[in-house]
Amino acid sequence: MTFFEELGERISEIDSIVSVGLDPDPSRLPESVRDADLPRWAFNRRIIDATHEHAACYKPNAAFYEDSDGWRALRETVAYAHGKGVPVLLDAKRGDIGNTARQYATVLDEVDAITVNPYLGGDALQPFLDREDKGIIVLCRTSNAGGSDLQDLELASGETVYERVADLADAWNTDDNVGLVVGATAPEELEAIREQVPDLPFLVPGVGAQGGDKEAAVEYGLADGVGLVNSSRGIIFAGEGGPGGEEFFRAAGAAARELKTDLNRYR
Ligand SMILES: O=C(O)c1cc(=O)[nH]c(=O)n1[C@@H]1O[C@H](COP(=O)(O)O)[C@@H](O)[C@H]1O
């Protein structure tokens with residue numbers, strides 16, 4: 001079964017397309033986990049307990065784990081999410097020359113899907129694309145303001161760079177394992193890219209803390225009902241400013257449920 005088939009089953013089972021971003025910024029962790037052996041793992045475990053019924057997938061961003069304790073925290077987090085039956089998409093935005101790419105791709109032995117960067121071209125992504133059972137999600141039109149600096153540039157052919165990426169990704173999708181990252185902060189581009197590549201599922205970040213368009217995220221993010229809309233800080237730090245303790249995590253659960261309900265209005 002492909003990653004996207006499995007994801008489709010998970011989406012149907014829990015009636016949710018929410019991707020919960022696990023970006024445990026150490027400076028924002030609540031008091032209750034700060035003295036734990038691995039605070040990020042203690043935090044993620046409670047977040048997973050509170051949100052898993054609403055999570056089609058978890059998306060840890062590698063930036064929050066790139067130190068020795070961080071890798072341990074990530075490994076525990078992945079195992080725990082899998083124990084709850086939730087797939088894990090590692091947001092690592094990888095892309096490098098051959099031997100390095102082959103090494104980077106070995107992380108797919110541990111997670112179900114990964115984000116990759118197309119800037120180095122197809123050969124840099126081949127070791128990822130070769131993994132038929134995993135999801136390979138290619139950055140196409142990102143949610144940040146500077147996403148337009150390069151991605152919106154028009155090529156001599158008349159297409160934009162992000163349109164070229166979408167076409168390439170469609171061609172790379174010979175094993176039905178490729179998706180695209182398109183930000184919810186760029187709803188017009190979302191619509192255009194959906195028209196261009198009707199069969200590719202999208203990971204749509206940028207709702208929540210970045211204020212992106214939820215309706216467009218749902219309307220254009222899904223291919224045959226499969227796709228993900230991600231929120232990280234808007235869920236995991238929803239309890240900030242509250243009474244703390246267990247309430248902090250209850251707030252994360254409530255935020256995940258609320259996003260699920262909001263998104264389902266447009267499905
Ligand atoms: O690849 C991503 O997931 C990604 C692409 C993009 O265009 N914009 C974007 O925000 N992301 C990631 O999605 C998450 C968004 O986090 P919040 O803004 O806290 O919801 C972060 O982990 C970002 O790195």
Side-chain angles (χ1 to χ4, degrees), residues 3 6-7 9-11 13-93 106-115 134-135 137 203 205 207-209 228-261 263:
F3 167 72
E6 274 177 36
L7 181 63
E9 285 191 357
R10 173 88 190 149
I11 289 169
E13 188 191 326
I14 61 157
D15 193 28
S16 175
I17 55 168
V18 172
S19 158
V20 176
L22 297 175
D23 298 355
D25 180 339
S27 70
R28 294 178 71 175
L29 297 185
E31 257 334 293
S32 59
V33 299
R34 287 202 176 186
D35 291 335
D37 174 33
L38 291 171
R40 282 165 285 185
W41 154 231
F43 178 76
N44 286 350
R45 182 164 58 79
R46 285 176 207 176
I47 291 287
I48 292 171
D49 284 339
T51 60
H52 69 92
E53 286 168 33
H54 315 297
C57 135
Y58 285 106
K59 186 179 77 69
N61 186 311
F64 294 89
Y65 303 93
E66 290 187 338
D67 56 82
S68 56
D69 279 355
W71 291 121
R72 285 171 58 213
L74 180 59
R75 181 159 285 131
E76 298 286 0
T77 299
V78 171
Y80 197 68
H82 283 160
K84 299 281 187 195
V86 188
V88 177
L89 191 181
L90 181 66
D91 183 8
K93 301 184 178 69
T106 61
V107 78
L108 284 171
D109 293 337
E110 306 205 25
V111 296
D112 307 286
I114 191 165
T115 56
K134 304 291 180 176
I137 309 191
L203 162 67
V207 303
L228 292 166
V229 179
N230 181 83
S231 172
S232 305
R233 289 165 294 179
I235 293 175
I236 66 175
F237 297 124
E240 267 180 354
E246 275 315 302
E247 228 12 82
F248 185 98
F249 297 100
R250 265 197 284 277
R257 179 198 298 271
E258 193 179 321
L259 180 58
K260 171 177 85 172
T261 308
L263 298 176

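For reference, positions follow the sequence shown, starting with 1. All values derive from a computational prediction rather than experimental measurement.
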Which heavy atom of [X] sits nearest a heavy atom of [Y], and at what distance?
| X | Y | result |
| --- | --- | --- |
| Ile11 | Ala56 | CG1-CB, 4.0 Å |
| Ser19 | Leu228 | CB-CB, 4.1 Å |
| Phe3 | Gly135 | CB-N, 3.4 Å |
| Ser232 | Gly21 | OG-CA, 3.2 Å |
| Ile235 | Ala255 | CA-CB, 4.0 Å |
| Ile14 | His54 | CD1-C, 3.7 Å |

Next item on the list: Verify side chain to side chain contact (heavy atoms under 4.5 Å, CB included) between Ile48 and Val86, making sure each step is shown before the conclusion.
Entry: CA-CA 9 Å; Ile48 292 171; Val86 188; 5.9 Å; no

Heavy atoms of other groups near [X] [atom1], more than 12 under 6.0 Å:
| X | atom1 | result |
| --- | --- | --- |
| Arg28 | CZ | yes |
| Asp109 | CG | yes |
| Arg10 | CZ | yes |

Between the side chain of [X] and the main-chain N/O of [Y], is any donor-acceptor distance below 3.5 Å?
| X | Y | result |
| --- | --- | --- |
| Lys134 | Val111 | yes |
| Arg40 | Pro26 | no |
| Asp91 | Lys59 | no |
| Thr115 | Ala92 | yes |
| Tyr58 | His52 | yes |

Check: Does some side-chain heavy atom of Tyr65 sit less than 4.5 Å from a side-chain heavy atom of Pro24?
Finding: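 When only atoms from C-beta onward are counted, Tyr65 and Pro24 do touch, with a gap below 4.5 Å.
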
Item checked: Pairwise side-chain contact, Ser231 with Val18, heavy-atom cut-off 4.5 Å (strictly under) ->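 No - every pair of side-chain heavy atoms lies 4.5 Å or more apart.
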
Checklist line | salt bridge (Lys or Arg N to Asp or Glu O under 4.0 Å) evaluation trace for Asp15 with Lys260 | finding: CA-CA 8 Å; Asp15 193 28; Lys260 171 177 85 172; over 6 Å; no

Item checked: Residues Val88, His82; criterion side chain to side chain contact (heavy atoms under 4.5 Å, CB included); working and verdict -> CA-CA 7 Å; Val88 177; His82 283 160; 3.9 Å; yes

Item checked: Full working for salt bridge (Lys or Arg N to Asp or Glu O under 4.0 Å) between Asp69 and Arg72 -> CA-CA 5 Å; Asp69 279 355; Arg72 285 171 58 213; 3.3 Å; yes

Next item on the list: Would you give the length of the straight line joining atom CZ of Arg46 to atom CH2 of Trp41, rounded to the nearest 0.5 angstrom?
Entry: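 The CH2 atom of Trp41 is 10.5 Å from CZ of Arg46, to the nearest 0.5 Å.
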
Margin query: Pro60 and side-chain contact (heavy atoms from CB on, under 4.5 Å): which single residue from Leu22, Val20, Leu89, Thr77 fits?
Written below: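 Single pass found, and it is Leu22.
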
